[in-house]
Amino acid sequence: MRTSENKFDLVILNGTVVTMNQAFDVIKDAAVAIKDEHIALVCPTKELPDDWTARQTIDATDAIIIPGLINAHTHVPHSLLRGVGDGLPLERWLSEAIFPIERACVDEDFVKVGARLSIIEMLLGGTTTFADMFFYEHAIAQEADTLGIRAVLGETVMDFPTPDAPEGVRQGLSLAEKFIDEWKGHDRITPAVAPHAPYTCAPETIRASRDLAYKTQTPVLIHLSETKHEVDQILKKYGATPIHYVAREGLFDVKVLAAHVVHPQSGELALLQEKNAGIAHCPRSNMNLASGAAPIRRMLDKNLRLGLGTDGAASCPTTNLFEEMGTAARLAKLHHERADVVSAREIFAMGTIGGARALGMEERLGSIEPGKLADIVVVDTGSSSLEHAPIYDIYAHLVYSTAEARDTIVGGMLVVRDKRVLTIDWQRLRRQVREQSDRITLVAK
Ligand SMILES: [Zn+2]
């Protein structure tokens with residue numbers, strides 16, 4: 001007799017499942033069955049119930065099935081500024097290259113087109129969730145909603161006028177509140193508030209952001225301790241190093257996701273641990289801007305909530321998390337001059353379950369386990385992809401040799417099939433990107 005229990009929406013068959021569960025089980029010739037937006041069953045294909053049926057099946061023979069990757073820090077509209085200001089350190093890169101272009105060019109259209117471009121790139125690169133801080137964040141939410149990706153989105157707040165808050169910080173905070181009210185409760189979009197950084201946010205701004213997050217029960221996204229210059233500047237200005245400074249203003253009363261944390265000072269990692277804060281390690285951005293190498297070995301040893309972020313494509317210059325994983329491993333090895341300083345499995349965990357922990361969403365995301373949201377990626381390792389032959393260590397393979405997804409599923413919905421995004425008109429997007437880059441070129445001259 002057929003039971004509705006074994007009727008699935010989507011079943012992925014015959015692949016190697018890298019679960020990233022607590023035991024790090026890797027199951028060969030396995031299947032993942034999805035019902036509604038959740039994972040219903042993970043088992044060897046031959047152990048599927050006899051009477052199973054599915055509306056759709058995907059054959060994953062010669063393929064690896066992994067949890068969707070999590071990009072824990074980015075600025076998606078920055079895809080329109082790839083390579084801008086190359087050769088400048090962070091402070092000059094922001095003040096001489098990025099902020100002037102943002103003041104002149106960033107409007108809702110810029111944000112939409114840039115977001116669209118980055119989101120497409122992320123979906124093709126196997127990312128199913130991203131955390132973002134920018135302006136006009138409601139436009140990014142609309143794009144993420146339309147394109148089918150999951151996101152934690154923070155409207156950026158700073159002490160000085162911004163593209164969408166020309167009157168200053170009060171206006172920025174009220175925009176953030178309006179954005180949160182509009183998107184709270186959405187099944188794929190989590191709104192947040194994003195005080196930009198200690199060097200752009202005075203104590204009152206940090207406290208007001210904390211109050212808003214507390215009142216609306218939303219997370220805070222912030223850049224923290226990115227450069228040595230920031231540490232010196234904040235110590236001089238406020239008498240405390242960056243993480244202690246925001247702690248003193250009560251920021252950790254709410255859930256915080258800190259991007260970078262390249263130069264934590266005495267007691268600051270312990271503080272992040274005590275406060276359950278997340279960290280987004282962004283090695284490619286840190287290398288491009290010569291900010292330094294974050295102490296990820298110490299962070300891992302403290303079991304901190306450590307994920308990976310690409311940062312915006314202006315400093316990166318792509319939002320591909322596979323590339324970020326390979327770079328994270330290589331940077332740590334080079335920095336410590338130790339090949340065994342971090343394992344490929346630890347790095348792959350940072351791109352999946354670690355990112356989920358950084359976002360405080362590990363109960364729902366980050367591994368392939370029954371009951372979790374069906375955010376799943378299929379990586380083709382068949383004959384069409386030379387870089388996948390042969391495979392010995394599956395984690396090393398995913399971290400160092402993989403660049404793209406074949407199929408990407410978000411919340412049970414197939415968004416990328418055979419390396420094509422199903423939710424976008426490519427020709428139209430190319431035209432829009434050209435129009436925006438023509439504007440930016442005029443301003444940058
Ligand atoms: Zn950033």
Side-chain angles (χ1 to χ4, degrees), residues 70-86 88-95 97-99 101-102 106 111 114-115 118-119 121-122 127 129-137 140 151-158 162-163 172 176 192-201 209 219-227 229-231 234 242-243 246 251 256-264 277-294 306-321 323-324 327-328 331 355 358-359:
I70 295 174
N71 184 350
H73 177 68
T74 186
H75 313 283
V76 279
H78 272 187
S79 55
L80 293 175
L81 303 178
R82 287 186 217 276
V84 166
D86 183 46
L88 297 173
L90 178 73
E91 298 76 27
R92 290 185 56 203
W93 179 75
L94 283 175
S95 64
I98 298 299
F99 287 162
I101 293 180
E102 285 185 349
V106 170
V111 167
S118 280
I119 292 170
E121 194 185 350
M122 283 192 280
T127 293
T129 298
F130 71 100
D132 189 87
M133 322 167 45
F134 208 67
F135 314 108
Y136 298 100
E137 204 67 41
I140 297 173
V152 178
L153 306 175
E155 170 72 22
T156 293
V157 176
M158 290 187 193
T162 64
V193 56
H196 175 263
Y199 54 88
T200 49
C201 294
S209 300
V220 162
L221 312 180
I222 187 169
H223 297 94
L224 278 181
S225 207
E226 184 172 355
T227 62
H229 177 83
E230 174 189 333
V231 174
I234 298 303
I243 296 169
V246 296
L251 195 66
V256 173
L257 174 58
H260 300 298
V261 192
V262 177
H263 298 283
I279 299 172
H281 173 44
C282 306
R284 286 189 299 163
S285 171
N286 298 156
M287 291 165 76
N288 273 348
L289 295 167
S291 302
L306 182 60
L308 279 176
T310 59
D311 212 347
S315 63
C316 196
T318 73
T319 50
N320 184 303
L321 210 79
E323 290 177 30
E324 205 67 43
T327 305
L331 176 61
L359 294 172

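Both counts, for ligands and for their atoms, begin at 1 and track the order of listing.
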### Message
I'd like to know if the Zn ion (ligand 1) has an N/O/S atom from H223 within less than 2.8 Å of it, counting both backbone and side-chain atoms.
### Response
yes
### Query
After noting the C-alpha distance and the side-chain angles of F134 and H78, does the key distance pass the ring pair (Phe, Tyr, Trp, His ring centres under 6.0 Å) rule?
CA-CA 9 Å; F134 208 67; H78 272 187; 5.4 Å; yes
### Query
Ignoring hydrogens and geometry, is there a side-chain-to-backbone donor-acceptor pair from E121 to T319 under 3.5 Å?
yes
### Query
Is there a donor-acceptor pair closer than 3.5 Å between any side-chain N or O of S225 and the backbone N or O of V262?
no
### Query
Hey, which N, O or S atom on D311 ends up closest to the Zn ion (ligand 1)?
OD1
### Query
Distance-only, no hydrogens or angles: does the Y136 side chain make a donor-acceptor pair with backbone N or O of P163 under 3.5 Å?
yes
### Task
Indicate if the distance from the Zn ion (ligand 1) to the nearest N, O or S atom of H75 falls below 2.8 Å.
yes
